[in-house]
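Data first, discussion second: the structure below is written as structure tokens.
In the text below, chain A, chain B and the rest are named by the order of the sequence lines, each starting its count at 1. This structure is a prediction, so every number in the text was calculated from the model and none was measured.
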Number of protein chains: 2
Amino acid sequence: MSTPKAPEGYDRHAFEPFAVTVDLAVLTVREERLHVLLVQRGQEPYAGEWALPGGFVLPRESAETAARRELAEETGLAGAIVEGLHLEQLRTYSDPDRDPRMRVVSVAFTALVPGLPEPRGGGDAAEARWLPYGSYGPLAFDHDRILADARERVGAKLEYSCLATAFCPPEFTLGELRQVYETVWGVELDRPNFRRKVLTTPGFVRAVEGPPRRTGGRGKPAALYRAGEATALHPPLLRPEGRST
Amino acid sequence: MSTPKAPEGYDRHAFEPFAVTVDLAVLTVREERLHVLLVQRGQEPYAGEWALPGGFVLPRESAETAARRELAEETGLAGAIVEGLHLEQLRTYSDPDRDPRMRVVSVAFTALVPGLPEPRGGGDAAEARWLPYGSYGPLAFDHDRILADARERVGAKLEYSCLATAFCPPEFTLGELRQVYETVWGVELDRPNFRRKVLTTPGFVRAVEGPPRRTGGRGKPAALYRAGEATALHPPLLRPEGRST
DNA sequence: AGCATTTATAGTCAAGGTGACTCTTAAGGA
DNA sequence: TCCTTAAGAGTCACCTTGACTATAAATGCT
């Protein structure tokens, strides 16, 4: 229970205090690859190395609030973007030795964003950038593990939720939506079957009215869709085999 | 990121320290009802009211370690039981006002246990008891919400994992396993169909050799099974309709 | 003892979802 | 113009699932 009662033999204020932070695994799909939002650390330890954006939870903030604030501060993403972000708690990392200096418990979040608002460094971060998943050396702290957990979680949620639309702009083609699945799962999906599955799932997507069509790419222009009101995917859209990548 | 850098204008040690606790939602199936392990609080606030077992994370502990220790302390469950427990992080609750006295961030865990080791109070808890889910007044703090989240999560995990065996003793009948699903989901399942699904899923259960059979109840004796090595359920075992209860 | 009840277990059958394919249409590029 | 690329329509067989029937083996009642 949450009783602030110190264990036998200890005075509560004699404890080394815990610091509570948030870490954000912000993912996007870009050029057919999964990208991660990373910041370059400005100070020791791990100065100059890549890390997940994040920072301290303030005394009057919830972890969710802190996550949004830190994301805006460190990446310069517009407030409106950060407000509307699909933010989800991943898990909490509490290994006593995860920070070499002091006891830090960190609540990790996952965010999925469409397109490519180019970030800029700010606040605590010397620089902020989108980097392809895995294209960097080891990250600071236990952030490699956090990121791996985030990817795993997102991959699983694509199966039984309509979350994939969070990776897409407000209007998107079924090809773009399929790209999300293929990129996160690291597999190729059959176009007609994917189309059938998405369109026969009630509320997954809604067709945009006067058939505008996307231009620009090769091939036949595709119809545009918006995210539907459904959030769950029943029955699920299972990834083909043992997970790849 | 986890950088212990205080925000502008603050010295790190000027912060009101955070307390970090763990809360445990320990669930079992008993007499065809979902039961929850609750403790009666010994002190203010909420003295005398029911709450989830849990307590402080010590300076050199991870949240997982603290969860097991607190569970053993407050419920008197045998160390061996607590060791082997299926313990899973649920999420972290960080609302600044969730504890009336000070800033407490709590990492919640879910545990699924078989049968009925009767608990006894201990440590911080005046009493510890199994109570049917929902059969109590409002719990202390935000524990009602934590418990609701736990139930929701467990219900969802039954669909796509082999977790249901964690509710069963080492050897169990398919009827007992089916009871788990029916109790958690609050629905009735078709016996032959459930049997087929479980038996055709590779690694879900293994038949116990020399056909011993369970006696005691009414009806034809059932064959015994053990949990198999599989952890995921592909394809999933979906609950019938919109979730009940 | 005999019968109803309860539960386990073995099947059957049809509907629906899925994977593997084929074919046509409509764009851009060489 | 022809080739390439991708969208979108449609087919077919297989597998899973839900609904249901039937039989076996125990208990409890009368």
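One can place CZ of B:R178 at 14 Å from P of C:dT6, the figure rounded to the nearest angstrom. Remark: C1' of D:dT16 and CD of B:E159 are 16 Å apart, rounded to the nearest angstrom. A:R195 has its CZ atom 16 Å from the P atom of C:dT18, to the nearest Å. Rounded to whole angstrom, the span from the NZ atom of B:K197 across to the P atom of D:dT16 amounts to 8 Å. Atom CG of A:L238 is separated from atom P of D:dT16 by 12 Å (rounded to the nearest Å). Per the geometry, OH belonging to A:Y225 stands 11 Å off P belonging to D:dA7, to the nearest Å. The CG atom of B:L224 sits 15 Å away from the C1' atom of C:dT9 (whole-angstrom rounding). Rounded to an integer number of Å, the gap from B:E188 CD to C:dT7 C1' is 13 Å.
The residue among B:T200 and A:L174 whose nearest nucleotide of DNA chain D is located toward the 5' end is A:L174.
A salt bridge links A:R239 with A:E159: the distance from a Lys NZ or Arg NE/NH1/NH2 to an Asp or Glu carboxylate oxygen falls below 4.0 Å. With respect to A:R120 and A:E127, no salt bridge is recorded, no charged nitrogen being found less than 4.0 Å from a carboxylate O. In summary, B:R153 and B:D149 do not engage in a salt bridge, as defined by a charged side-chain N under 4.0 Å from a carboxylate O.
Taking the ring centre of A:Y133 as origin, the terminal cationic atom of A:R33 falls outside the region bounded by 6.0 Å and 45° from the ring axis. Cation-pi geometry between A:R196 and A:F194 is not met at under 6.0 angstrom from the ring centre and within 45 degrees of the axis.
In terms of phosphate contacts, A:R218 brings no side-chain nitrogen or oxygen within less than 4.0 Å of OP1 or OP2 of D:dT4. Close to D:dG8, at under 4.0 Å from its OP1 or OP2, lies no side-chain N or O of A:R191.
Shown here are the salt bridge (charged side-chain N to carboxylate O under 4.0 Å, His left out) partners of A:D95, two or more places apart in sequence or in another chain: there are none.
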Got a list of protein N/O to nucleotides 19-24 of chain D N/O distances below 3.5 Å?
residue : atom : partner : partner atom : Å
D:dA19  : N7   : B:N193  : ND2          : 3.0
D:dA19  : N6   : B:N193  : OD1          : 3.2

Test ring-ring contact (aromatic ring centres under 6.0 Å, His included) on A:Y160 and B:Y160 and set out the steps. CA-CA 10 Å; A:Y160 55 91; B:Y160 56 90; 5.2 Å; yes
